[in-house]
2 protein chains.
Amino acid sequence: MSESTTRLKRATIFDVAAEAGVSRGTVSRVLNGEPYVSAAAREAIEAAIAKVGYVRNTAARNLAKQSSGAIALIVHEPDSVFIDDPNIGAILLGANAALSAADYQLVSLIIDTERDSHRVTGYLGGGFVDGAIIVSAREDDPISQAIADLRLPAVMVGRPDNQPQLPWVGIDNRGAARQITERLRGTGRNRVGMIAAGLDRDSGRDRLAGFREAMGEAFDDTLVARQRFYTYAAGVAGMAELLRIDPDIDGVFAASDAIAAGALETLRNAGRAVPRDVGIVGFDDSSWALRAQPALSTVRQPAGQLGARAAELVLEQVRTGSLASNGALLSTEVVWRDSA
Amino acid sequence: MSESTTRLKRATIFDVAAEAGVSRGTVSRVLNGEPYVSAAAREAIEAAIAKVGYVRNTAARNLAKQSSGAIALIVHEPDSVFIDDPNIGAILLGANAALSAADYQLVSLIIDTERDSHRVTGYLGGGFVDGAIIVSAREDDPISQAIADLRLPAVMVGRPDNQPQLPWVGIDNRGAARQITERLRGTGRNRVGMIAAGLDRDSGRDRLAGFREAMGEAFDDTLVARQRFYTYAAGVAGMAELLRIDPDIDGVFAASDAIAAGALETLRNAGRAVPRDVGIVGFDDSSWALRAQPALSTVRQPAGQLGARAAELVLEQVRTGSLASNGALLSTEVVWRDSA
DNA sequence: TTGTAGGCGTTATCAC
DNA sequence: GTGATAACGCCTACAA
């Protein structure tokens, strides 16, 4: 009676062994699907497991096996802007699918404050996970250093500047930026600028570099509006700045679709028609691209594959202790729609 | 030399104790900030910790303490649509902040397939976490049942239908829907319909119920377009359906801002002006609301607080073993802009 | 095929 | 204040 109200002690292998009339060793063997167990024993044990309601204590298992079967995915967005990042969800889903196929558990950790950063470091060192995927780390990220110290198998999504020894997967931001800028220029624009963002990460800097390359001689640094975040608001502000600097601007490469959408609003309010007066292209091919008016020409980023590939590389390290290659570049695709 | 290439064994309390010339017990005491440790011992131990590069093995600690200091947040979106859900990110951040303040680690688990569901169940039972927050569970969710079986402290975000014993936090979807519908009708609309979605969850059903209540005698079930997801595409399709059924429709309550945005597109293509010809209101006050043309009148959902409150309730259970109240309703607010 | 027992790294309860 | 030492629950040689 009182059993049902007080918190019952959870059954252990001991209880199962006693119930089935065998030793703990044998129970452990059937639990792990090992051979050399008689059918009779197996049956008795399975019945006992069901009867006593046994579930394995993974903390104990981890301790004994020195591994956890889990991989962390760390999202580091100290400014809480990741809510609007269209890629992170897809990266997560891709990583989850790849790990799931290998029967690993993905656990996502978010770092929002300095305090989070410390706590997560402790968590990573605590045997909770066998490896880690780091998303959207910034230049000065303490986590990547901590991971290196812990010798925890890890891979970054995006190319790390300060941790050259960390394996990574990413896209060729520079090449993609160059391609779409060239295409934009090809529509006969003469004065083309850029709304850049995220210049504290490699992705942001590389997109700017690609733009500069594509512009060649025509590059004009005053026509680069530098914003902090990849947001709609940044697009609104950045476009206003560009119009102020050069009212005759007729082409804009926005560092993200959200920025492009914001720029569209500014242009609309300024009475400029897109693509007639001004051609604009974005980056990501997120949901912003299709919903914008007009629909955005942009670069498709294989976010899901990014996550999946990162997961595979972590698993390779976990299993073999090392990695065949040290980085992977996934290919992008220019998607041409109506905005330029 | 070879030390640096082969994987070094991680230092344990043993090593620290030896290095500092004290016993493990004393080391453990300083590690846990307990009193009754001499300054000399503390200093020696701290130096030793730094010297041997000790980091605590949490698996062992969990085993001994029978707890983990981590709380799971389970996102269950089998259709991968959560990428576009504007609330989940905020819920996550809110929960993370609340747990962080109590020095708990939030770990997010996503369930995307049947296989994920099984694996996560095992994870939850394995001593990795002390409690769980369940987001966006659906009616037939096996996870909530598993959690009940495990006697794991848990709380749902959103009111559970099938697990009445599970504590939860949510908003008054029905009341909020009623309020905004009444306000919409107050703008002098005669033929008002609804684009409903997510009718397999309480939130979706409650919004429809609130709409019905507000309409009273004027409720017309043929003017309810039922969609599966809370997406832009659903809005496009739902609005088309409503226009087909009643070309004279002059008011629409969309079950989410994304749906409302989609509806706006259909209306624009159909040559209907908003709010002149048709008034439209949404739900969530997500980024869709402000970026829509015209900006949406909508219901603000306190997503961050939802996550924070859920976290607090889980911690209360973890610490006291029980809960003072069994549910919490957070208040919403009608935000009136230009779309109606 | 099965049982035995030592070890995984910490914590906690004792004596001292 | 500090040092032994028995848990914690599981895995895994090794022996039988």
Side-chain angles (χ1 to χ4, degrees), chain A residues 7-46 48-49 52-70 122-130 150, chain B residues 7-46 48-49 52-70 122-123 125-128 130 150:
Chain A
R7 175 82 152 260
L8 291 75
K9 199 165 159 352
R10 263 173 46 176
T12 73
I13 276 197
F14 253 107
D15 306 317
V16 175
E19 179 70 32
V22 298
S23 79
R24 298 178 282 158
T26 306
V27 173
S28 179
R29 277 186 275 273
V30 347
L31 244 29
N32 293 298
E34 281 170 25
Y36 302 120
V37 181
S38 67
R42 167 164 283 119
E43 257 173 59
I45 289 170
E46 276 164 359
I49 286 176
V52 304
Y54 170 79
V55 306
R56 171 201 262 144
N57 180 323
T58 318
R61 178 176 220 248
N62 290 353
L63 183 57
K65 295 200 64 162
Q66 300 286 71
S67 83
S68 69
Y123 187 87
L124 293 176
F128 280 98
V129 296
D130 299 339
L150 289 169
Chain B
R7 176 83 151 260
L8 291 74
K9 202 166 159 349
R10 264 172 46 178
T12 72
I13 277 197
F14 255 107
D15 306 317
V16 176
E19 179 70 31
V22 298
S23 77
R24 295 179 281 160
T26 307
V27 175
S28 180
R29 276 186 277 273
V30 346
L31 245 28
N32 294 297
E34 282 169 25
Y36 302 120
V37 181
S38 68
R42 166 164 283 119
E43 257 173 57
I45 289 170
E46 275 163 0
I49 286 177
V52 305
Y54 170 79
V55 306
R56 166 200 264 150
N57 179 324
T58 318
R61 176 175 221 242
N62 290 353
L63 182 58
K65 296 200 67 160
Q66 301 286 71
S67 82
S68 69
Y123 187 87
F128 280 98
D130 297 340
L150 289 168

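Just so you know, these numbers come straight off a predicted model, no measurement behind them. Convention: sequence-line order gives letters A, B, ...; per-chain numbering from 1.
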Notebook entry, point to check: Nearest to the side chain of A:Tyr36 - C:dT1, C:dT11, D:dC11?
Noted result: C:dT1

Notebook entry, point to check: Which of these nucleotides, D:dC11, C:dG9, D:dA4, is closest to any side-chain atom of B:Ala64?
Noted result: C:dG9

Margin query: On the nucleotide C:dG7, are OP1 or OP2 found under 4.0 Å from the side-chain N or O atoms that A:Gln66 carries?
Written below: no

Note to self: Closer than 3.5 angstrom, by distance alone: can the side chain of B:Asn62 be matched with the main-chain N or O of B:Ala59 as a donor-acceptor pair?
What the structure shows: no

Note to self: By nearest atom, which of the nucleotides C:dG9, D:dG3, C:dT4 is closest to the B:Arg29 side chain?
What the structure shows: D:dG3

Check: For the residue pair B:Phe128 and B:Tyr123, does the interplanar ring angle fall in the parallel (under 30°), tilted (30 to 60°) or perpendicular (over 60°) class?
Finding: parallel

Next item on the list: Examine C:dT11: is either OP1 or OP2 under 4.0 Å from a nitrogen or oxygen in the side chain of B:Asn32? Give yes or no.
Entry: yes

Checklist line | Donor-acceptor pair (no angle test) under 3.5 Å: B:Arg42 side chain, D:dG1 base | finding: no

Notebook entry, point to check: Quick one: is D:dC11 close enough that its OP1 or OP2 comes under 4.0 Å of any side-chain N or O from A:Ser28?
Noted result: yes

Checklist line | Candidate nucleotides D:dC10, C:dT11, D:dT12, ranked by approach to the side chain of A:Arg61 - the nearest | finding: D:dC10

Notebook entry, point to check: Could you go step by step and tell me if A:Asn32 and A:Arg61 meet the side chain to side chain contact (heavy atoms under 4.5 Å, CB included) rule?
Noted result: CA-CA 11 Å; A:Asn32 293 298; A:Arg61 178 176 220 248; 2.6 Å; yes

Notebook entry, point to check: Does B:Thr26 have a side-chain nitrogen or oxygen under 4.0 Å from the phosphate oxygens OP1 or OP2 of D:dG3?
Noted result: yes

Notebook entry, point to check: Under 4.0 Å between a side-chain N or O of B:Thr12 and OP1 or OP2 of C:dG9?
Noted result: no

Check: Are OP1 or OP2 of D:dT2 and a side-chain N or O of B:Ser38 less than 4.0 angstrom apart?
Finding: yes

